[in-house]
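A short write-up of the structure that comes next.
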Number of protein chains: 2
Amino acid sequence: MTKPRSRRGGGRPTIADVARKAGVGAITVSRALREPGRVSEDLRRQIQAAVDELGYVPDPNARALASARAEVFGVLVPSLTNNVFAEVVRGIYDSLSDSPFRIQIGNTHYSGLEEERLLQVFGSQRPAALIVAGIDQTPRARRLLENAGCPVVQVMETGPDPVDMMVGFSHLDGGRTATEHLLQAGYRRIGFIGARMDPRSQRRLAGYRAAMEAAGLFDPRLITTTPVPSSVTLGRELFRDALAKMPTLDGVFCNNDDIALGVLFECHRASIDVPKQIGIVGFNDLDMMHVSFPSITSVRTHRYEIGTRAVAMALAAIAGNPPEQRIVDLGFELMRRESTAR
Amino acid sequence: MTKPRSRRGGGRPTIADVARKAGVGAITVSRALREPGRVSEDLRRQIQAAVDELGYVPDPNARALASARAEVFGVLVPSLTNNVFAEVVRGIYDSLSDSPFRIQIGNTHYSGLEEERLLQVFGSQRPAALIVAGIDQTPRARRLLENAGCPVVQVMETGPDPVDMMVGFSHLDGGRTATEHLLQAGYRRIGFIGARMDPRSQRRLAGYRAAMEAAGLFDPRLITTTPVPSSVTLGRELFRDALAKMPTLDGVFCNNDDIALGVLFECHRASIDVPKQIGIVGFNDLDMMHVSFPSITSVRTHRYEIGTRAVAMALAAIAGNPPEQRIVDLGFELMRRESTAR
DNA sequence: CAGACAAATGGTAGCGCTACCATGCAAGGG
DNA sequence: CCCTTGCATGGTAGCGCTACCATTTGTCTG
């Protein structure tokens, strides 16, 4: 009674096994699984029973090969540990968990070259959609995206020239808003502290600069940055540097919340009063910002929603209903807290 | 001169195109790409030239179908945003970035049922290896792992009964060590504060309990837990609860560093002296623990290494050299800091 | 120098699935 | 009553690649 199993297949049931058991053609099984509406209810039930009994699970590789389309979302992010991208990715996962789509994440390590390489690898799989972080692709990466033959969503930022679709917000506006808030609170010698300085950080810095120049208070010596990856420890160190360089500093707009937390800890340690002597503003508004003592003002960004929205737009496009609005600005929200309440 | 392209294929070059251009058989191209040693240098060069000129990238789906083995590592973690797993995943990505293997991550949301579902999905792809977090699989999940037909590495914890291989450490010992440290520092009414309370948290709690019982100081009222996901905010709230319940509390061992940070902030806010009035120990030793004021004692765990080691073991097994040591205990390290220095 | 053997290359036949094109049949139109 | 139309189902032919089994050539052994 042993079936003449081929040399290779590990012996798991195939669509032909299901078809035989259900007494129908293989193609009908295929249809029953993918477009139930096109198969009569009778057969559908029979087929489902056979599927259950055999424990049949379609082979996605065979499926992808035959249909020239893999049920995969390719996702490219520059970092896996940075909470910001982790939240976006979580949104993507949650939105796709009930769909047949798998997710393939690529970590570009903030490198354009690596991004190109991964896009080429992803492209070879004919993904159903691509979601990439950022809008500063290299020309070659951009070309790969344009020729991917599937919906593409650029996330995290908005800009004038989407490859296909975009979901994000203006980091420049975020930086400006944060800085203007410090100015309105009466701070004058406001520093900018930034790590990593990827394109988004650069634009936050540009927003800071715009606000400071508008107030006639800009001074390049107020800026302290490093290409080193961001961390709480680094925030502390950069703040010390900034203070050494510019002892009259009375406020800081931080690249992100890790840095801001590092600044706060250093203030504790050096007995610098926050917000009296120094005002602090962070970026992203992680959970800890509103719990810290004092709580830290931060620019809340909608990271999880960026992920869910990107998926929704891609799914719509796959279904043939590309959204009318190709650029979605989810905005941000300034969360005023104790660290700037003087 | 237009090639008679099939109705489906998007027109990208196939192995046959490369073979034609290089003037060799398709199978030789296949070999040149996978086992260069088995093809003469002459042909290898010719083939490489054709590959470069055409921009040929092998179709992983066709490859997987033909070889009954996908070059994919399946990775199952309970959370994507929890820094602990993000670090493990980062280790996995970094270790595989130069290999032909792709990575497919599944998020189980701490659910055994979801883990089963994902294992079934992953299994249908015939992955090259599976890496799963934890050792408490459901019987069905365990069976799926055993029948996966590929190396399996359970990570984060060690235990007596691996499905195949294991890399991690003893959370029980970690909890005990942390608690013993508090005891040695002279704290007596030591509380346990824990969120989520997944199996690993449970074992840390068991370690705490063992240490307290050994010291004759155990009291169930010292334990404050919740199934709610961990956060800094939650740490603050749980600490307040704990203190309300047991005002004589003089130390806390926290489930993880987020909780510990929340405790520290609440101490600041309530003017409770750390370490004089309250000693605090965290778990995992995130970056911020040594920067905070005061710095927080924590149990450092080797999360990134767990990821890299798991990959190394799986790769060895794939290559036919399963490691002799199937259970690898990477241990942990108690980082003594100001929060327990009284 | 025949025979054995290894190394390099190629042909063929699938892997498991779906696109495409029948086929059969009931319902509706002239 | 024939012809169209549409629906449900099935057969066939690949998708692009690799496992398996030749075949060819060169090298070594006795």
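To find a chain, count down the sequence lines: A is the first, B the second, and so on, and within it residues start at 1.
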Dump the pairs, protein N or O against N or O of nucleotides 26-28 of chain D, anything under 3.5 Å, distances to one decimal.
none

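Legend: residues meeting side chain to side chain donor-acceptor pair (under 3.5 Å) with A/Asn147, ordered by chain and number and at least two apart, are absent. Take B/Phe101 and apply the ring-ring contact (aromatic ring centres under 6.0 Å, His included) test, not counting sequence neighbours, and it matches B/Phe73. For B/Asn83, the side chain to side chain donor-acceptor pair (under 3.5 Å) criterion is met by no residue, not counting sequence neighbours. Not a single ring-ring contact (aromatic ring centres under 6.0 Å, His included) links A/Tyr56 to another residue, sequence neighbours left out. When the side chain to side chain donor-acceptor pair (under 3.5 Å) test is applied to A/Glu115, no partner is found at least two apart in sequence or on another chain. Residues meeting the side chain to side chain donor-acceptor pair (under 3.5 Å) test with A/Gln46, sequence neighbours left out: none.
Within the structure, the side-chain hydrogen bond (donor to acceptor under 3.5 Å, both in side chains) test picks out the following pairs touching residues 21-34 of chain B (sequence neighbours left out): B/Lys21-B/Glu53, B/Ser30-B/Arg34. Counting only residues at least two apart or in different chains, ring-ring contact (aromatic ring centres under 6.0 Å, His included) contacts with residues 104-133 of chain B are absent.
Closest contact between the side chain of B/Ser67 and the listed nucleotides D/dT18, D/dC17, C/dG10 involves D/dT18. For A/Val24, taking side-chain heavy atoms from C-beta onward, the closest of the listed nucleotides D/dC17, D/dG10, D/dC15 is D/dG10.
Between A/Thr28 and D/dG10 there is a side-chain polar atom (N or O) within less than 4.0 angstrom of OP1 or OP2. Taking 4.0 angstrom as the limit, B/Ser40 places a side-chain polar atom (N or O) nearer than this to OP1 or OP2 of C/dT9.
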Enumerate, atom names and distances included, each donor-acceptor pair closer than 3.5 Å involving a side-chain atom of residues 312-323 of chain A, sequence neighbours excluded.
none

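Between the P atom of D/dC17 and the CZ atom of B/Arg20 lies a distance of 12 Å, rounded to the nearest Å. In this structure, CD of A/Glu41 is placed 12 Å from P of D/dA8, rounded to the nearest angstrom. Straight-line distance from the CD1 atom of A/Ile27 to the C1' atom of C/dC20: 9 Å, rounded to whole Å.
The overall bend of the helix from C/dC1-D/dG30 to C/dG30-D/dC1, read as the angle between its terminal helix axes built from five base pairs each, is 40° when rounded to 10 degrees.
Of the residues in residues 30-39 of chain B, those lying under 4.0 Å from DNA chain D by heavy-atom distance are B/Ser30, B/Arg34.
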